[in-house]
Amino acid sequence: MNTSTVKIRPRLVALIALLAALPVHGQDSSDVLSLQQAREAGRKDSRFLRPDGTAPADPKKIPKANLGDYKKSLYPILQKSCLGCHGPDRTEGRLRVDQLDPNLLTGQHVNQWKEIYNALGNSEMPPADETEYRLADQDRGLLVEWVGAELEKAYHVRKGGQDYSAFRRMTRYEYNYALQDLLGIPFDVVERLPPESMSDDGFLNRSELLQMSAMQFETSREIGLRTLQRVTVHGDPPKPVVYKFAFQGEMTRLTSAANAKVFNVRDDNYKQARNTPHFLNHTSGQAIHYSGGNFKPDPKAIVGEVHSDSPIAISLPPGRELKFNLDRFLPDEGVMRVRIRAARSNMNPQHFANLRLIFSAHTSNNANFSQVISQRDLPVTAPMEAPEYIDFLIPLGDIQRNPFRKLETTFPRRDEFLHIQNISNGNRGPEPLGVLIDHIEVSAPFYASWPPQSHREIFFDSANKGDEIGYAAEVLKVFMARAWRRTVTESEVAKFVELFKEFRSDFETFEETMQEVLATVIASPDFLYLTQTMNGGREGKERISDMEFATRLSFFLWASIPDVELLGAAYQGDLRKPEVLKSQIARMLNDPRANRFAEHFVGQWLGLDGLDSTTHVRDAVLLAAMQQEPVAFFKEVLVGNESVMDFIHSDYVVVNERLAGHYRVGEVYGPHFRRVSVAETVNRGGMLTQAGMLAMNSDGTDSHPLKRGIWMLERVLHDPPPPPPPNVPEVDLTDPRILQMTLKERIEDHRNKPACKSCHSKIDPWGIAFENYDALGAFRTQLKNGPVDANAELFNKQPLHGMTGLKRYLLLERQDQFARAIVEKMTTYAIGRSLSFSDNADINKIVVQFRRQEDRLGDLIQIIAQSEIFNSR
Amino acid sequence: MSDKNNKPSRRQFLQGTGIALSLPWLETFASADKASEETPRRFLSVYHPDGVGLPLRNDPAWKDWSWFPRGGERNFELTKVLDVLEPLRNDITIYSGLSHPAVRQVHGHSNADQYLTGAATGGHGAYQNSISLDQVYANHIGEKTRHASLVMSTNGGVGGPRGAQTQSFNAEGRPIPAMNRPKQIFDMLFVASGEKAAAKLARSKSSLDLLIEHTRSLGRRLSAKDQQTMQEYLDAVRDTEVKLAKAQRWIDTPVPTVDTSNLNLDADPKEARMYFQTMYELIYLSYLSDSTRAVTFQLGRENGEGPHDLLSKAVGLGGAHGLTHAVKRPDGWKNLGTYNRYQAMEFGRFVQKLKDTKEPNGDGTMLDNTFAMHGSASSSFHLSRNYPIISAGGKNIGFDNGRYLKFGSGNEDNQAGAGIDTDAGWRGKLEAEELPLAKLFVTVLQRLGVETDAFAGYSGTLERV
């Protein structure tokens, strides 16, 4: 089957005539558009881009109740089959069908209709033994379809008819980032907070779902205090435990042992020997196998002491590890720094080498554990001549420790192990890439300075330091303004100074007392909530203040509180001047914190958490790549300020080596993501063909057209199908008739059931067009029992021939819908609340401007930031 | 009720739509458990490592020293291992054919961790546990007593991952340290706490007062709608204040005075009998004074060694763990059975004591309002299947005792994995079908008054219990 061509519908012929002037590449038939041509043609058709400049008709009308059909065809059925028991003569279950208001959108009887919908969908009613009231399948289908459609409309009307406020608390992940940014701590702190509930379209930051409970409040307060205790200090610097690996001594000890198996890099068999970790003397070429051993603290060692050059290194081949027994001397708390000096054995650009740390203990036989403790793998990039230091910072209080380390007896075992792994693709080709390590230092607790930077940010130098109460007020004023993202009044500060005075006698030091007071500052709603006060004292939509705007913007792009520069611009009153705003947004998007926007927006928009619960992607590296690709692709489009139509189809992919292998795209090396142009024959481009989407919308063994269709409607087109009726019959896989069917036939068979048909005809075709992609998202043309059939027909008779046909159709006919969908998704994420009908006009304005600016993703952020809706309470 | 409960998608559809919920089954929930709300319901789990003796049928030791009873549901016969419980036969239930599916092929040494949690704790690599049964109950009822739960073990602390020395894990799956010194437990339960706790409470109170006052002034500058959101925050702070006030009340309430004549607070595991009896006495006193209603007690740790492995000295035998390895030596099955018999006897002594004590605040005896279980996460040698479990009591909350309940199929005579003393057992394939132990936990939780239909990912209760 040729999935790359499709006959187009007659009404487009005229359009093609217009396009005749355009060159047609790679097509052998004049009635077929390339995807690029489809994109251009579809754009010309946009209702948002009318040349006369008129605003388009509101594409999302407020739904109306379908009372005509009810009177004409549905009520008569109800009358015949239901009124006998639920009418004027008998009112079983206190239900009178003849008195129900058929308008579900405004009427009083939605709950009753819901019960009726369930009873009919389950075939519980009419009762099987009441033969005189029997309901024909076709009539049941009509009823279920009508009630289902009306319930769905009622849901939208009642949801969209409400007004939502953007006033909300931070989400769990925002609270994490806010504490990190406020207190200067790079580690996650919110493990104990409960997860958020997700809105029905997948977002976690919806104001109406972000509740506050006593448990939530208490836990936040404890986390705040504990984090403050971690970032501030008192007293003298603690003496660190320092391990410094004695390369020279260890190698000498090994090579001078009685049966030492010493070899030399110049030996012929070094080609085999080098695949195992070994000591290596660069000068003499002498080498001996070594994969780790005991590593004791050195009481005389000084943290960070400059390494004196020595010819001894350890060569760590690709995929191998060194395992050191650190015994039981690491402290309970504080940061452990693992400093490794390393270089690459060659500079082959096709090879990469990363270091990863593992921590483990083996307390008795069959009672062991190990965990990755490095937050991410760190690359080794330096050449042999100039090795470089690589530092890992690990919070010892947060990782799994050996709980027996303080025993006085030797069983269970008390020691702890540090593993250094070389994660690499460097074992291919004639010359493997090894990592050469010539310095290893472990120290804890590690402080880059004393007191640490995070401490000095809070307890800054001041002439008032001698006057505790005066200094407390000074510290509080600065801290409160930063945490609360606004100016604070003297009386607000004074209340907290009172608290300080009250607490002071409970503690020995000023700092410990202040930790408790500052913990109260960040338990306040001014910190925990994205506030929006009434400046003019008026209700209703109103412009938020400049400072509140700064907070909203930073939660949009950084998922956290604004920094001092952004707050400063807001304080000056400049932030919303177009040129200032533009440059601030550009600055924010350039900041590493903007990765949080890409990660959380894309994750929630596309439902990437679905990948966490798939079990069939067994290759952890592939799974991680699947999770990262959509985010990396989004960043590529964002940074290049390219059209969001690239999400439908692009002539490039953004992949790393593992994913490139999966997609059969060559010449991509290393774990980082980069843009790679791909030919049409690769069958990739855009997000519909990303392996993660395809894998998470599979059922573990095969593709799942229904899930893919629903995902397409919900996430891409923002046109979610109604939920299934209750007790949908499962496809019976013990039925021999069904077992013989192909997947597509099974779906069709299921779809023909009266209670299922109306919805499925709107969902399934979308998913069937994805059939050329299997459960791991690999492209296929053959199934076990024949060729793949990815031909589908939409409910409007539009044929979709496979993925290319689907993309072509979307580009020709659905650009406006997709543009509006992404505007709505991003706006709702940006303001953290649901949209209501009264937002329609604002949204339309954004879409018009967005489409005029060629659907550019970077521009969309600017447009949203300047929109009414983003600037209003 | 449970049928509709399984349909989150339907409820999600309604959530937040503004369409009011009409959920008739909620009312069913509310009315079901009205009776005797004032009477405390108690939970106890005693865990012993190393499993029990399970000789093959053709082994001469089978007749006397195979742990599981013989016969039917009511007319079961106890072997010598459990015959000490004969006087209590109408107060106990013995179970077979239950285990946690996630770890059926994990070595028994790694297994104490998941007996009350059902988590897939595995045998190596990264480790994650989940909440234990007692803590689910403690979270539900803990507000009513001075201590939400009492967590005890002979070894104390948390142990290591896959080498737990506690049976209790919190909602994040973190181990809760167990107490092991009788004196320390007694002081916690019955000696007043110091000034430090009071000072901390006072600080919290001042903080919360300040936050409430501050939030009120902030609230005045919010729209009417946003004030409702702010109210939720205020409610959360006030609820926290109520909690603090409660904690303050416990500080102010005199600790209960108890009869200490059966206590030897210096008892040490080395004097196994005295230690066992003192620990059980502490559980009894904590119940009697209604200091807590959820207790766990772990005897030793899997893969023993060290002084705490010497509990079997109580019956004149060497290291308890070693007994399981020595079953093929002369008297091996008998020795293991004798130690298991001793464990059952001490449990029985405790059960008898509850049975002999009238419920201070309700009908019947204390036993009638207590569900006490005793078991291990392995049956025979390192085999993480067919857990040997005894439960006692709970008559007033719906437990019908005097029964031997066999679950699953293919192992009616408890011979699957019997007679082994090598690792071939736990590595072996699953020969019999067993039911998830979590289903019993759901039954227990519901009868304790917790509204839940699932535990560790398994929904539904265990039939016939």
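Throughout, protein chains are lettered first and strands after them, A, B, ... in sequence-line order, and every chain is numbered starting at 1. The model shown is predicted, which means the values in this text are computed figures rather than measured ones.
Ranked by non-hydrogen atom pairs under 4.5 Å with chain B, the options A:E492, A:Q532, A:R221 are led by A:R221. Most heavy-atom pairs under 4.5 Å with chain B, from the set A:M215, A:Q216, A:M212, A:Q400: that is A:M212. Of all the listed residues (A:S165, A:A166, A:P525), the one sharing the greatest number of non-hydrogen pairs under 4.5 Å with chain B is A:P525. Counting heavy-atom pairs under 4.5 Å between each of B:D239, B:D113, B:T240 and chain A puts B:T240 at the top. Of the residues considered (B:A164, B:G157, B:A236, B:A126), B:A236 shows the highest number of contacts with chain A, using heavy-atom pairs under 4.5 Å. Interface summary for chain B: among A:D526, A:I358, A:T409, the most heavy-atom pairs under 4.5 angstrom belong to A:D526. Per-residue counts of heavy-atom pairs under 4.5 Å with chain A were compared for B:L234, B:V237, B:D235; the largest is that of B:V237.
For a residue to count as touching a neighbouring chain, one of its non-hydrogen atoms must lie under 4.5 Å from one of that chain's; by this rule B:K200 does not touch chain A. Of the two parts of A:Y529, only the side chain, counted from C-beta on, holds a non-hydrogen atom closer than 4.5 Å to a non-hydrogen atom of chain B. In this structure, the portion of B:Q165 lying under 4.5 Å from any heavy atom of chain A is its side chain and not its backbone. With a 4.5 angstrom heavy-atom cutoff, B:V242 does not touch chain A via any of its atoms. Residue B:R174 touches chain A through its side chain alone, counting heavy-atom pairs closer than 4.5 Å. Residue A:P412 touches chain B through its side chain alone, counting heavy-atom pairs closer than 4.5 Å. With a 4.5 angstrom heavy-atom cutoff, B:D226 touches chain A via backbone and side-chain atoms both.
Using a 4.0 Å cut-off between charged nitrogen and carboxylate oxygen, A:D163 and B:K225 do not count as a salt-bridge pair. Using a 4.0 Å cut-off between charged nitrogen and carboxylate oxygen, A:R169 and B:E232 do not count as a salt-bridge pair.
Note that CZ of B:R203 and CZ of A:F507 are 3.5 Å apart. Values are rounded to the nearest 0.5 Å. To the nearest 0.5 angstrom, B:R220 atom CZ is 13.5 Å from A:T533 atom OG1.
Contacts between residues 204-214 of chain B and chain A, counted as heavy-atom pairs separated by less than 4.5 Å, involve B:S204, B:S206, B:S207, B:L208, B:L210, B:L211, B:E213, B:H214.
Nearest heavy-atom pair across A:F369 and B:P161 is CD2-CG, 3.4 Å. Here the closest non-hydrogen pair linking B:S217 and A:K495 is OG-NZ, 4.5 Å. Of all the heavy atoms in B:M230 and A:F167, the pair that sits closest is SD-CZ, 3.8 Å. Between B:G160 and A:P403 the shortest heavy-atom distance is CA-CG, 3.3 Å.
Under the ring pair (Phe, Tyr, Trp, His ring centres under 6.0 Å) criterion, A:F359 pairs with no residue at all, not counting sequence neighbours.
Taking the side chain as every heavy atom from C-beta outward, B:R162 and A:N368 approach each other to under 4.5 Å.
Annotation for B:R181: atom CZ does not count as buried by contact number, only 12 or fewer foreign heavy atoms lying within 6.0 Å.
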